[in-house]
Amino acid sequence: MYAIDPRRTTSAQWADVWLGIDVGSDIALANAIGREIISAGLANDNFIAHATSGFDAYAAAVDEWSLERAAQVTGVPAGVIRDVAHDLATAETAQICWTLGITEHHNATDNVLALINLALLTGHVGRYGSGLVPIRGQNNVQGGGDMGALPNKLPGFQDVADDESRAKFEAKWEAAVPPEPGHHLSLMFDAMERGELRSLFVLGENPAQSEADVARTRRLLAGLDFLLVQDIFMTRTAEMADVVLPAAAGWAESEGTVTSSERRVQRVRKALEPPGEARDDLEILAMLASRLGHDLGTTHAESIWDELRELSPMHAGMSYRRLDELGGIQWPCVDEDDPGTRFLHGDLWEDPLPRDPVPLIPTGWVPPVDELTEEFPIRLTTGRRLDSYNTGVQTGGYSSPLRERGSIEISPEDGAAFGLAEGDQVSVRSRRGSIEVPVFFHRSLRPGLAFMSIHQPDEADVNLLTIDAWDPKSGTAEFKATAVSIQPMESTA
Amino acid sequence: MSDVQLTIDGVAVSVPEGATILDACRAEGKEQPTLCYLETLTPVNTCRVCVVQVTGSRTLVPSCSRVIEEGTDISTDSPAVRQTRKVIFEFLASSVDMSLVDEPTQQWMDHYEVDPTRYGPTAADSPAGARDGRHAGHHAAPVGGLTETVAQPVKIDDALYVRDYGKCILCYKCVEACGPDAQNTFAIQVAGRGFDARISTEFNVALTSSACVYCGNCIGVCPTGALMFRSEYELRKASMWDEEAQTVTRTVCSYCGVGCNLELHVQDNRIVKVTSPQDHSVTSGHLCIKGRFGYESVQELGDLENTPIDAVLRAARTS
C-alpha cells in the first residue's frame, strides 16, 4: 500500500510507503508514473491496443515528466516515484483510491483523468480486485448523482439534452423537462453575484459555513430576495433564511434508499418519530408543490422508488424486497434476476470490444491558484477528523472523547521557527480574510504545511481563508490549497 | 473442494473440506455452547466450553477451531464433555459476574446444572485499581475457604464506554476486535498471568489517554456485558433499561460512503444503543465512532420534547 498525502495521516502510517506529496502536484506525480511505466516497458500493451485510444499523444505529453523533474515539483524522491510506477504496473491487481485531496482542486477533473490514465496504461480496470475507486464522503453522494441531482442529468445518468430520455420522463411526469442543463453550486453563486439568481432553496446543506471564500457566500446569501432552507438543524444558513422548513432526519426518521461508494443501493428506515413539526422531505416537497399548483402524487417512499425503477434502467431490478434480501444491490441491476454488478467496465476486456475505446486524455500540471509568496508562505490544507463530520452540525452534539478544539496545526519545526508555543493564539491570514485560532504542532506535517479541520466553523472559521477557484467541469472549489501567513497575536508575541 | 465424511454422535455426516467441527455440528442442527468464538473473529481457543470428544484424541478438542479430518468420530455429549463444560462454566461463574451473558449461554448453564455457589463463599471485592497493579508471583496468598473473584468497581473514563471487568471472562474477543480482526487499533491487550490476567490499555492508562478510537467494536463483541455503552449502563442502573419495550430498526449510517448498516435500538423514541449486523457484507458488524455514537443530534431536543429516559441519557452524556 502506497499512501500519497501531504500529511502523514493515520492511513499513511499504515501504508508500506508514504509519499508526502506537495499540495497540488498530483498531476506531476501521475504523469511521471505514467512516463516511467512506458519507458520501463511495463505498460499493458495488449490492453492499450485493445481497449484504449490516444496512447501516442499521451506518451508524448508525459515525456517531459522525468522522475527528476517530478521529484522537484512534488517533493517525492525520484526513486520512490519509480517504485510506485513499477509496483503498480506489475501488480496482479491494484486499485487507485482517492478522495477530496484529488477533487477539491481547481483542476479536479484533470487530477482524476491523470489517475484514470494510469489505470488504463496498466490494465487495472474492469477486473475483480483492480479499479478506480473514488471514496465518497457521505452516505448518499453517489445516490444523489444517481437520482439526477446533477445539473445536466436525469435519474440514472440519463442526459437532459437527450430528446428520447427527456420524452420518457415527460410522459411519466406529465410535465415538460427543460433540455438545458441547470447550474451547479459554483455557477449559482456566480449568478447571484451577477444579480440573476434572486431566490434560493437550500436542502440539507450549510453553504454559509461550508463554501470556500465563505465571506463572499454570506454576502451573496444575505443579498438574496428570498432564502428558503429545509434542514434538520438550525444551521448558520438556516439562521439567514426567510423561511425554514424543519425536516426529518433521512437516516433515522424516514424511509428510502441511499447509495454507497461501491454503488450499493441500501434501504434506510424510520426508527424514530421526528420531533415537533419536522416532516419527511418527500412530504414537504409535495406540500410545497401543491401550494405552487402541482400535484406530485404519492409521498410513499417505495412507490416513488418503483417509479424510478420504471424510468432508470440501471435500477430496474432493485425492488425493496430484493434490496432487503440481498443486503443491498450494486447498480446496474437491470431486472429482477440480475444480482447487480460488483465492478464496472468488465466489457473493456471483451473481444471484440463492444464499445468505443476509452481515450487516454493527456493532462497538464498547473500549480494551485493561490500562490505561495513571501507574504503568504504557508500552504494550508483542510480536511476531516475521525470523530466529526463536515461543518459539525450533526456531530457537535455527541460527547466524543476524541474531539479537538478548532485550531490550526503546523509542523513542530515551523512552530520553533515562528517562536510559537502550543496553544498560542495566532492570526492566520490569506488573500481573502483572516481568523484567530490557537496553534498546535503536529508531526504529521512538514515545514511549510498547515492543516485545519472544517468541523468547528463557529470557533475556527477556516473558509474565510479558502479560495473559491473552482474546477470548470465539476464546480468544486480548491479547498485543499490556500496560501496563508501565520503571525503570533500581539498578546502572546 | 471435496467433502469429508465424519460421524457426530453416531450419525454419519458429510461436510465441505476445511469445515470445523462446530460448522459441522451447526449444519446438523446440533448447536454447541461458545463464549470466545464469533463468526467474524479468528478462533483463540481460550474458553473451551465448545469442547467435544474425538475418538482417538487424548484430550477433548475445541470444536470452534478444529478442522475436520476424514473419518473423524465425534461425541458432543459424552460424560467427559458434559463434566468439562459444567466445570468450565462453574469456574467462570464462581469468579466472574455472568448475570448478563446472552440467553443461549444461560440456557447451556442451566442444561449442565451449573452451580457456582458450591465452591463456597466469595472473597471480598478488589478495590479500584488493585487488580490492575498485580504482578506475576507477587500477589498475596488467597484466603482459604473463600472463592477469589475478579469483582471490582466499574471503570468509566468518558461519556461513551463503561468497562465492568468484574464481568470479564477473558474471552479475548475485545482484544481481537480492537486488533487485527477488525479495527487494527491495538488499544487493549491481556496483561498479567494466570488469575491476575486482565484486559488493559497500554500501561493501564485511562481509555481517554490510550490509543482507543471509540469505535465500540469491542463492546459489540463482548458476550458478558463487561463492556457496555454508557447509555445502556446508566439506563440499567436507573432500572429503566427495557429490552421488551425496545424496537430494533436497520438503516444505513449517514456519515460516509462506506454504507455500514446500523441497528438502532430505540426506547421511548430515543436511540439507546447502536449495533451493526454481523452477517452484513459491508463491515461484518463493525462501525466507527460516528456511526456508533454520533446519533445525539436527532434526539438532543432540549425543551422541545422530553421522554422519561432523557434525563438519564443526558446525565450520561455530560458527565
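Numbers restart at 1 for each chain; the letters A, B, ... are given by sequence-line order, proteins then strands.
Using a 4.5 Å cut-off between heavy atoms, B:Tyr161 makes no contact with chain A at all. Of the atoms belonging to A:Leu402, it is side-chain heavy atoms, and not backbone ones, that fall under 4.5 Å from chain B. The part of B:Ser281 that comes within reach of chain A is its side chain, from C-beta onward, which places non-hydrogen atoms under 4.5 angstrom from that chain. With a 4.5 Å cut-off on non-hydrogen atoms, A:Glu273 touches chain B through its backbone and its side chain both. With a 4.5 angstrom heavy-atom cutoff, A:Val268 touches chain B via backbone and side-chain atoms both. In this structure, chain B has a heavy atom under 4.5 Å from the backbone of A:Ser388, while its side chain stays farther away. The parts of B:Asn269 that come within reach of chain A are both its backbone and its side chain, each placing non-hydrogen atoms under 4.5 angstrom from that chain. Heavy-atom distances place the backbone of B:Arg270, and not its side chain, under 4.5 Å from chain A.
Shown here is A:Tyr398, whose OH atom has more than 12 heavy atoms of other residues, nucleotides or ligands within 6.0 Å. Within 6.0 Å of CZ on A:Arg279 lie no more than 12 heavy atoms contributed by other residues, nucleotides or ligands. A 6.0 Å sphere centred on CD of B:Glu39 holds more than 12 heavy atoms belonging to other residues, nucleotides or ligands.
A pairwise comparison of heavy atoms in B:Leu264 and A:Ala252 identifies CD1-CB, 3.9 Å as the closest pair. Contact detail for A:Arg384 and B:Tyr255: the closest heavy-atom pair is NH1-O, 3.8 Å. Across all their heavy atoms, B:Arg250 and A:Arg269 have their closest contact at O-NH1, 2.8 Å. Here the closest non-hydrogen pair linking A:Gln266 and B:Asn261 is OE1-ND2, 2.8 Å. Across every non-hydrogen atom of B:Arg317 and A:Gly397, the tightest pair is CD-O, 4.2 Å.
Atoms CG and OG1, on A:Leu272 and B:Thr251 in that order, are 10.0 Å from each other to the nearest 0.5 Å.
With respect to chain A, the highest number of heavy-atom pairs below 4.5 Å among B:Asp157, B:Thr247, B:Val213, B:Val248 belongs to B:Val213. Considering only heavy-atom pairs separated by less than 4.5 Å from chain B, the leading option among A:Pro401, A:Ala271, A:Ser260 is A:Pro401. In terms of heavy-atom pairs under 4.5 Å with chain B, the best-connected choice from A:Pro275, A:Gly328, A:Gly396 is A:Pro275. With chain B as the partner, the residue from A:Thr395, A:Asn390, A:Leu386, A:Val258 showing the most heavy-atom pairs under 4.5 Å is A:Leu386. Annotation: maximal heavy-atom pairing with chain A below 4.5 Å, among B:Leu207, B:Asn184, B:Thr208, occurs at B:Asn184.
Put simply, the side chain of A:Ser261 does not reach to within 4.5 Å of the side chain of B:Val258, judged on heavy atoms. When side chains are defined from C-beta on, A:Glu253 counts as touching B:Val298, because their heavy atoms get closer than 4.5 Å. Residues A:Ser400 and B:Ile289 meet the side-chain proximity criterion, which asks for heavy atoms closer than 4.5 Å. When side chains are defined from C-beta on, B:Val282 counts as touching A:Arg264, because their heavy atoms get closer than 4.5 Å. In this structure, B:Val252 and A:Trp251 have side chains that are not in contact, with every pair of non-hydrogen atoms separated by 4.5 Å or more. Side-chain contact between B:Cys256 and A:Gln138: absent, with no pair of heavy atoms (C-beta onward) separated by less than 4.5 Å.
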